[in-house]
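Please read the structure below before turning to the comments.
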Amino acid sequence: MKNFIDTLNKAFESRIRLGIMSILMVNDQVDFTMLKELLQITDGNIASHISGLEKLGYVSVTKQFVGKKPNTSYAATIAGKEAFTKHIQALEQLIQTKK
Amino acid sequence: MSQEKEHLQAIQDIKTMMERSTKFSSISGKAGIVVGMLAVIVFAAIKWFDVTTVASLFVVMVGTLMIALSIGLYLSIAKAKKEGAAIFDTTAKRFLVQFFIPLFVGGILCLIFACQTQIGYIPAMMLIFYGFALVHASKFSLDTIKNLGYLEIVAGLFAAAFTQYGMWCWVIGFGVLHIIYGFIIYTKYEK
């Protein structure tokens, strides 16, 4: 059982990060406003969690201009997707073995 | 024990976030009921005034479809605006594109049939392509509309097999089924 707990990824412990990664797993590109409305948290909060995930190489950030407005969009990297899949598998195994 | 609950909660959170960010959940049940009643009224009017000419039947059917789509869109958009604009934009766009591709093809096919005065097959074509549109777009919306889609296709096949009862299938498909499913969606998601 200890092995399973070790496979849980510390990077996804917070609920916000879990939420961000879930959204990015099923959407190719997601912009800041959509993340904010889905997660219903403050700008600063999202930004800090995103930059945490970015530093780990799990999320890539694209900044561009849509017309005259700056638009930041996020995507999960391949490494991010792999790590998150492993995290979900570990969670499922933990629940199953305890039953 | 509490840790186990935490893990379970995490899994559930992941599932809801994935669904909420991809599915357009603002289909309005009320719109389904209104549209269904409209179809029944139009059908009754056709029978009452004994409309039989090809051109006038076609105009009435296309007109009904346009009004029905407008009601559906209007009520769904109204429902969606309450849920937040950015989620609505992305998920609705995806849903609408998937929904209108089969519907557009079906519409053109109906037009071709009408030009060749094969009016008998038009109710069948309308039902079948509308059904396909629902099944196809259900991936990006409520699962319930997939079942409605299957039933519309079945109604359409009956309409094609027994063209003399085409209009009856049409009123069952667009009228009765919409009222039933509108009610199901309303009680399941809006109460």
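These figures come from a predicted structure and were not determined experimentally. Throughout, a chain's letter reflects where its sequence line sits, starting with A, and its residues are numbered from 1.
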* Can you tell me how far the CG atom of B:Leu8 sits from the CG atom of A:Leu94, to the nearest 0.5 Å? -> 11.0 Å
* Asked: Do B:Phe104 and B:Ile153 belong to the same hydrophobic cluster, where Ile, Leu, Val, Met, Phe, Trp and Tyr are linked whenever their side-chain heavy atoms lie under 4.5 Å apart, directly or via other members?
  -> no
* **Other residues, nucleotides, ligands: >12 heavy atoms within 6.0 Å of B:Tyr189 OH** => yes
* To do: Name all pairs fulfilling the ring-ring contact (aromatic ring centres under 6.0 Å, His included) condition that reach into residues 132-158 of chain B, sequence neighbours left out, sorted by first residue then second.
  => none
* Report the C-alpha separation of B:Arg94 and A:Asn27 in whole Å, then their side-chain angles, then the decisive distance to 0.1 Å, and conclude whether the side chain to side chain contact (heavy atoms under 4.5 Å, CB included) test is met. => CA-CA 11 Å; B:Arg94 240 182 308 209; A:Asn27 292 280; 3.0 Å; yes
* To do: Would you check, one step at a time, whether the test side chain to side chain contact (heavy atoms under 4.5 Å, CB included) holds for A:Val30 with B:Ser21?
  => CA-CA 9 Å; A:Val30 176; B:Ser21 64; over 6 Å; no
* To do: For A:Leu18 and B:Ile14, work out which heavy atoms get closest and say how close.
  => CG-CG1, 3.8 Å
* Treat each ILVMFWY residue as a node, draw an edge where side-chain heavy atoms are under 4.5 Å apart, and state whether B:Phe162 and B:Leu127 are in one component. => yes
* ring-ring contact (aromatic ring centres under 6.0 Å, His included) pairs, two or more places apart, involving residues 7-27 of chain A -> A:Phe12-A:Tyr58, A:Phe12-A:Phe84, A:Phe12-A:His87
* Structure fact -> Rounded to the nearest 0.5 Å, the CD atom of B:Glu6 sits from the CZ atom of A:Arg15 at a distance of 10.0 Å
* Take atom OH of A:Tyr74 as the centre, draw a 6.0 Å sphere, and report whether it contains more than 12 heavy atoms from other residues, nucleotides or ligands. => yes
* Structure fact -> Whatever's closer than 4.5 Å to a heavy atom in chain A on B:Glu19 counts as neither
* Structure fact -> Taking every heavy atom of A:Ser22 against every heavy atom of B:Met17, the minimum-distance pair comes out as CB-CB, 3.7 Å
* **More than 12 heavy atoms of other groups within 6.0 Å of B:Phe100 CZ** => yes
* **Side-chain heavy atoms of A:Ile23 within contact of B:Met18, under 4.5 Å** => no
* Which distance, rounded to the nearest 0.5 Å, do you find between the CG of B:Asp13 and the CD1 of A:Ile16? -> 11.0 Å
